[in-house]
Amino acid sequence: AQKVTQAQTEISVVEKEDVTLDCVYETRDTTYYLFWYKQPPSGELVFLIRRNSFDEQNEISGRYSWNFQKSTSSFNFTITASQVVDSAVYFCALSDARGGTYKYIFGTGTRLKVLA
Amino acid sequence: DGGITQSPKYLFRKEGQNVTLSCEQNLNHDAMYWYRQDPGQGLRLIYYSQIVNDFQKGDIAEGYSVSREKKESFPLTVTSAQKNPTAFYLCASSIRDRNQPQHFGDGTRLSIL
């Protein structure tokens, strides 16, 4: 079965600390895609990154970095030098394409609180 | 500016009443989705549509109905059969390909009067 687990329900850090959000997935597909989204207090989900199963290169975008490891079925997200504006709920998702339809399986999200 | 518009932002339902949540997109996306978000439960899929005039049930479709008569519109009706409708509802759209991210609206918060 397809599944995404975000075991950390809530994390609190002090501004400028580094923080890693964990994501573990399960899939029987050999080709799959993983996503991270940010949900600020305003409510809409904002797309952050996509990773396909063939590309295990880590990615860095400013203070954000992502570590994809197929061996452990993990796609973790690190924020370096966190800022108050990073406070949000972060979701990891896995795309599911079976029977010609496309849908996405989301984890339960991790609420990040960055304290000034 | 392309995007997804959900309305209203807040909605109140009386007992026994059906209410409809609007979702419109101008991104020319084929696929559209409705999710329900409850505290601590992430996003649960209600219905999704890959193409006009076709839609599929998601994981929690009971008590909800949808239509997809136009590519840009995917309204969700919360019927009186949905006994616990209080939640945050999010609409999303995407290009019809599993490697494509979804684009989300700002959501509608539904409460019971």
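Chain letters run A, B, ... following the sequence lines, proteins first and then strands; every chain starts at 1.
- Contact of A:Gln6 with chain B is not made at all, since no heavy-atom distance falls under 4.5 Å.
- Put simply, the side chain of B:Tyr35 reaches to within 4.5 Å of the side chain of A:Tyr104, judged on heavy atoms.
- Looking at A:Phe106 and B:Gln37, their side chains never come closer than 4.5 Å, going by heavy atoms from C-beta outward.
- To the nearest 0.5 Å, the span separating OG on B:Ser94 from CZ on A:Phe35 amounts to 8.5 Å.
- Side chains of A:Tyr37 and B:Gln102 form a contact here, defined as non-hydrogen atoms less than 4.5 Å apart.
- Although no hydrogens or angles enter the test, the distance criterion places a donor-acceptor pair under 3.5 Å between the side chain of A:Arg50 and the main chain of B:Asn99.
- The two atoms that bring A:Gly43 and B:Phe88 nearest to each other are O-CE2, 3.7 Å, heavy atoms only.
- Of all heavy-atom pairs spanning A:Lys103 and B:Tyr33, the tightest one is CA-CE2, 4.0 Å.
- Heavy atoms closer than 4.5 Å to chain A are found in the side chain of B:Leu45, but not in its backbone.
- One distance of note links CG of A:Leu94 with CZ of B:Arg98; it measures 10.0 Å at 0.5 Å rounding.
- Residue B:Phe104 is not grouped with residue B:Trp34 when hydrophobic side chains (ILVMFWY) are merged at heavy-atom distances under 4.5 angstrom, including chains of intermediate members.
- Contact count versus chain B (heavy atoms, under 4.5 Å) is highest, among A:Asn52, A:Leu34, A:Thr108, for A:Thr108.
- Contacts between A:Thr9 and chain B at a heavy-atom distance below 4.5 Å are absent for every atom of the residue.
- Contacts with chain A were tallied for B:Pro101, B:Gly58, B:Gly42, B:Gly107; B:Pro101 has the most, counting heavy-atom pairs under 4.5 Å.
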